[in-house]
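Here is how names work: the chains are called A, B, and so on, in the same order as the sequence lines, proteins then strands, and each is numbered from 1. Everything quoted here is computed from the prediction, not taken from an experiment.
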There are 2 protein chains.
Amino acid sequence: MSPKPTADRRTPTSDPQGVAQQLRLDNQLCFALYAATGLVTRAYRPLLEPLGLTYPQYLAMMALWEKAPRTVSDLGEALGLDSGTLTPLLKRMEAAGLVTRTRDRADERRVQIELTDKGRHLKDAAAGVPFALACALDMPGEEIASLRTALQDMARKLRGREE
Amino acid sequence: MSPKPTADRRTPTSDPQGVAQQLRLDNQLCFALYAATGLVTRAYRPLLEPLGLTYPQYLAMMALWEKAPRTVSDLGEALGLDSGTLTPLLKRMEAAGLVTRTRDRADERRVQIELTDKGRHLKDAAAGVPFALACALDMPGEEIASLRTALQDMARKLRGREE
DNA sequence: GACAATCATATTGTACACAATCTAATTGGT
DNA sequence: ACCAATTAGATTGTGTACAATATGATTGTC
C-alpha cells in the first residue's frame, strides 16, 4: 500500500512512469466507456424484456417512432449501424410483428421499414422506460444532460475523421 | 425550420410535450453512450489491427499487463465480462500465442491465464496506442479525464444496484 | 467419509456487430 | 440503346456478449 522508493513491484519493462500508467485500464476513457455501456445495457434488459425488445431493437424502435416509414440505410445512418447488423435485427422485429419490410416500387433496391399497429402501440408501453432508467442512474438531470452532450461532442469529432 | 405554433407536424399519439420528447433518440444518454462506444471501437480498429488484437482483446491484454497470472473469473471481474464471453476470447488469444491457459493444481476448477513472452512484448508495440487515440479524439486532456470520471461514477452507481 | 451446497469454468443457443463480398437496380455518359 | 459506375440490401464469416445449463471440484455438515 505504501508507495516507497524500494522497488518491490518489478516492472517487466523498464518504465518508471510512462507506458505502464498510460496502459492502465482505469486510466482509459475507452474502458470507462466500454464498461458503462455494458452496465447500461444490462440495466435496460429487465425493463425491455416485458416489451419483447432487446436494447438495439429498442433503439431501432425509437428511431422508427420518430420517423416511419424509412429505408434500411436511413435507419442505419440514424443508428450508426450497417446493413449486416440491421437486416437480421429487422427480420426478427418483423417476425415479432412490430414492423413490415417492403420493397420500394419506385426504386426496387430500397426496402422500406414501416411500423405495424402493434409496433406503434408499443410506444405507449415504452413510455415509462426512460424514467425508470433515470431512476436507476440516480444522477441529477443536469449531470445526465451534460454527460450526454460531452459524448455527442466526442462522437461528432470521431465521425468527422472517418468520412 | 420555423417552430411556428401551427401544428404542421402531426404527432401520432396525443402527446404535446411528454413521451414523444422523452423517447427521442437524441435526448437519450443511453444512445449517446451506445453511439460513442461504437465510434471509439471503430477508431481503435486500425490501431490494433497491426498488433493482431481486437478491441476487447486489447482490454484483456491491458488487464493482464497489470497483473498476471490471474484466473478467468478475476479477469472477468476486472473487465465486467462473464466466462461465456471470456472463454472463447482467451482461446483465440491462446491460439495467437499471447497467453497460456493452465488449470490450477491447487484448485482444479480454476484456469490460470498467463502471458507468454510474445504477449509481454506486445506491450511495447501497444505503447503508442493511447496517444494515437487521444489524437483522434482531439479533446483537451482535462476534458477527457472529466468525462472518464463521470462515466466511472455512473458505472459505480449501476454496479451498486445489481449485486 | 458420504453428501448436499457451493463454486469455477465450459458449453450451448440466441443476438448483435462489422468487413468483405455478392446481386440486382439505377444513373450517367456516349 | 448501351455500358460503366454507383447504390441498396443481403449474405457470409469472424468475433463478441450473455442467459441458461452442464460438469467437475471443493467445502461444510453431519
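- Note: CE (A:M93) to P (C:dA15) measures 13 Å, nearest angstrom.
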Protein-nucleic acid N or O pairs under 3.5 Å, nucleotides 5-7 of chain D:
unit_1, atom_1, unit_2, atom_2, d
D:dT7, O2, A:R109, NH1, 2.7

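- Across C:dC16, C:dA25, C:dC18, the shortest atom-to-atom separation from the side chain of B:R42 is found for C:dC18.
- A sub-4.0 Å separation between OP1 or OP2 of C:dT9 and a side-chain N or O of B:S73 is present.
- Distances from the side chain of B:T85 to the nucleotides D:dA17, C:dT11, D:dT11 place D:dA17 closest.
- Between B:L86 atom CG and D:dA17 atom C1' the separation is 10 Å, expressed in whole Å.
- Rounding to whole angstrom units, CG of residue A:L48 and P of C:dC16 are separated by 11 Å.
- In this structure, A:L75 atom CG and D:dG9 atom C1' are separated by 13 Å, rounded to whole Å.
- Backbone-only contact: A:A106 has heavy atoms under 4.0 Å from sugar-phosphate atoms and none from a base.
- Listed nucleotides C:dA25, C:dT11, D:dA8 differ in distance to B:K91; the shortest reach to its side chain belongs to C:dT11.
- Remark: the B:D82 side chain and the B:T85 side chain contain an N/O donor-acceptor pair separated by less than 3.5 Å.
- Residue order along DNA chain D, read from the 5' end via each residue's closest nucleotide, puts A:S83 first among A:S83 and A:R45.
- The distance from atom CG of A:L89 to atom P of D:dT11 is 15 Å, rounded to the nearest whole Å.
- Within the 4.0 angstrom heavy-atom criterion, no nucleotide atom of any strand lies near A:T41.
- When the shell of 6.0 Å around CD of A:E114 is examined, it contains more than 12 heavy atoms from other residues, nucleotides or ligands.
- Considering only side-chain atoms of A:D82, the nucleotide from C:dC18, D:dC18, C:dT9 that sits closest is C:dC18.
- Taking 4.5 Å as the limit, some side-chain heavy atom of B:L51 sits within range of a side-chain heavy atom of B:L122.
- Between the C1' atom of C:dA15 and the OH atom of A:Y44 lies a distance of 19 Å, rounded to the nearest Å.
- When side chains are defined from C-beta on, A:Y34 counts as touching B:L81, because their heavy atoms get closer than 4.5 Å.
- Side-chain nitrogen and oxygen atoms of A:R103 include none within less than 4.0 Å of the OP1 or OP2 phosphate oxygen of C:dA25.
- Side-chain N/O atoms of B:Q57 include one lying less than 4.0 angstrom from OP1 or OP2 on D:dT16.
- Computed from coordinates, the A:I113 CD1 to D:dA8 P distance equals 14 Å when rounded to whole Å.
- To the nearest angstrom, P of C:dA25 lies 7 Å from CD of A:E108.
- Note on A:T71: every side-chain N or O is 4.0 Å or more away from OP1 and OP2 of D:dA8.
- By the 30° and 60° cut-offs, the orientation of the rings of B:Y58 relative to B:W65 is perpendicular.
- Contact check for B:L98 versus B:K118: side-chain heavy atoms found under the 4.5 Å cut-off.
- Between A:D107 and A:P56, the residue anchored nearer the 5' end of DNA chain C, judged by the nucleotide with its closest heavy atom, is A:P56.
- In A:E77, the CD atom is not crowded: 12 or fewer heavy atoms of neighbouring residues, nucleotides or ligands sit closer than 6.0 Å.
- Checking C:dA25, C:dA15, D:dG9 against the side-chain heavy atoms of A:T87 singles out D:dG9 as nearest.
- Remark: the B:T100 side chain and the B:T102 side chain contain no N/O donor-acceptor pair separated by less than 3.5 Å.
- Residue-to-nucleotide proximity on DNA chain D shows that, of A:Q112 and A:Y34, the 5′-proximal contact is made by A:Q112.
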